[in-house]
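Report on the structure given below.
Sequential numbering from 1 along the given sequence is applied to the chain's residues.
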Amino acid sequence: MRVIAIGTRMPSWVTEGSDEYLKRMPRELPVEWVELPASKRTRDTAELRMLDEASAIERRLKPQELMVALDIDGKSVSTERIADALSSWQVEGAKVVFIIGGPDGLHPTLKARASARWSLGRITLPHPLVRVILAEQLYRAWSINAGHPYHRA
């Protein structure tokens, strides 16, 4: 799996938080993290900034990857749904890439291209926090599937 996230030079709590969960992932299920710079805030509109970021993301996508866009307007997912998807992807040998947009969100063309659009909730989350939440949820999903005691629900 890969995560492509807009934004570099995250605060230490973001890096430490996401790294903590990613290092817990088993060797057979590594997660590669790719950070891309946010579009310059000097761009005239949010539309142009999102378009710049979408172009940068598209250049990093691999043809065989199944793209999951994290989007507040996407389908609301539960931890158990993430675990089910993770299990299916492992069985199918799917290569999955999660996309985290910048402060303005994801450009509509990128959302339309995604195989799935997931919402982590109806609240607006700061994009750095989404990184930590995604890393934790991937680890939790793995723990459910592996019967590991981390998930106690």
[atom2] on [Y] to [atom1] on [X], rounded to 0.5 Å:
X: Arg140; Y: Leu138; atom1: CZ; atom2: CG; result: 12.0 Å
X: Lys23; Y: Glu20; atom1: NZ; atom2: CD; result: 4.0 Å
X: Glu58; Y: Thr109; atom1: CD; atom2: OG1; result: 5.5 Å
X: Ser55; Y: His107; atom1: OG; atom2: NE2; result: 8.5 Å
X: Ile123; Y: Leu129; atom1: CD1; atom2: CG; result: 8.0 Å

Check: Ile72 main-chain N/O paired with Ser119 side-chain donor or acceptor under 3.5 Å: yes

Side-chain (Asp71) to main-chain (Arg117) donor-acceptor, under 3.5 angstrom: no

Residue pair Asp19, Arg24: steps toward the salt bridge (Lys or Arg N to Asp or Glu O under 4.0 Å) verdict: CA-CA 9 Å; Asp19 284 353; Arg24 295 180 187 189; over 6 Å; no

Stepwise side-chain contact (heavy atoms from CB on, under 4.5 Å) test for Ile82 and Trp118: CA-CA 10 Å; Ile82 295 170; Trp118 287 0; 3.7 Å; yes

Stepwise side-chain contact (heavy atoms from CB on, under 4.5 Å) check, Val3 with Val34: CA-CA 6 Å; Val3 177; Val34 178; over 6 Å; no

side-chain contact (heavy atoms from CB on, under 4.5 Å) assessment of Glu53 paired with Leu36: CA-CA 8 Å; Glu53 293 166 355; Leu36 302 175; over 6 Å; no

Indicate, with yes or no, if [Y] and [X] share a hydrophobic cluster defined by side-chain heavy-atom contacts under 4.5 Å among Ile, Leu, Val, Met, Phe, Trp and Tyr.
X: Met1; Y: Leu61; answer: no
X: Leu125; Y: Ile4; answer: no
X: Met50; Y: Ile6; answer: no
X: Met25; Y: Ile133; answer: yes
X: Met67; Y: Val77; answer: no

Pair Ile57-Leu106, side-chain contact (heavy atoms from CB on, under 4.5 Å): steps then yes or no: CA-CA 10 Å; Ile57 290 168; Leu106 293 171; 4.2 Å; yes

Minimum heavy-atom distance between Gln137 and Thr79, given as atom pair plus value: OE1-OG1, 2.6 Å

Least distance between heavy atoms, Gly74 atom then Arg122 atom: O-NH1, 4.2 Å

Report, one line per pair, each donor and acceptor closer than 3.5 Å where one atom sits in a side chain of residues 85-105; sequence neighbours left out.
{"unit_1": "Ser88", "atom_1": "OG", "unit_2": "Asp84", "atom_2": "O", "d": "3.2"}
{"unit_1": "Asp104", "atom_1": "OD2", "unit_2": "Arg41", "atom_2": "NH1", "d": "2.9"}
{"unit_1": "Asp104", "atom_1": "OD2", "unit_2": "Arg49", "atom_2": "NE", "d": "2.8"}

Results of side chain to side chain contact (heavy atoms under 4.5 Å, CB included) for Ser115 - residues two or more places apart only: Leu66

Using atom types as modelled, flag every donor-acceptor pair under 3.5 Å from a side chain in residues 9-17 to any protein atom, sequence neighbours excluded.
none

Of all pairs that satisfy side chain to side chain donor-acceptor pair (under 3.5 Å), the ones with a partner from residues 125-134, not counting sequence neighbours: Glu35-Arg131

Inter- and intrachain pairs under side chain to side chain donor-acceptor pair (under 3.5 Å), touching residues 60-69, at least two apart: Arg2-Glu65

Sequence-distant partners of Tyr139, ring pair (Phe, Tyr, Trp, His ring centres under 6.0 Å), two or more places apart: Trp142, Tyr150

